[in-house]
Amino acid sequence: MLLTEEQTKYYLTDMINHYGEKQNKAASLSWTRSEAEYKKKAFEDMKIVLFGDVDNGNKRTEIT
């Protein structure tokens with residue numbers, strides 16, 4: 001079953017939020033925090049690749 005564009009955006013956002021919460025809860029265990037941090041970053045990167053940097057919360061500035 002293929003997901004629509006909207007469903008894919010919701011899925012990626014949910015996974016980013018899930019691993020963000022997991023990262024915050026595991027602050028005392030560095031290896032658990034690192035794993036959650038890397039997974040969150042991977043989902044953020046997928047969202048950027050598929051949909052651009054819109055709605056990701058990242059602020060990019062141009063170097064002049």
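Here the CG atom belonging to Asn17 is positioned 10.5 Å from the CE atom belonging to Met15, to the nearest 0.5 angstrom. In this structure, CE on Met46 lies 11.0 Å from CZ on Phe51, to the nearest 0.5 angstrom. For the atom pair CG (Leu12) and CD (Gln7), the distance works out to 12.0 Å, reported to the nearest 0.5 Å.
When all heavy atoms are compared, the tightest approach of Ile16 to Lys40 is O-CG, 3.8 Å. When every heavy atom of Thr13 is checked against every heavy atom of Lys47, the shortest pair comes out as OG1-NZ, 2.8 Å.
Scanning for side-chain hydrogen bond (donor to acceptor under 3.5 Å, both in side chains) contacts around Glu21 gives an empty result, with sequence neighbours left out. Partners of Lys39 by side-chain hydrogen bond (donor to acceptor under 3.5 Å, both in side chains), not counting sequence neighbours, listed by chain and number: Glu35. Residues passing the side-chain hydrogen bond (donor to acceptor under 3.5 Å, both in side chains) test with Glu6, sequence neighbours excluded: Tyr10.
Between Phe43 and Tyr19, the angle of the ring planes stays under 30°, which puts this pair in the parallel group of the 30/60° scheme.
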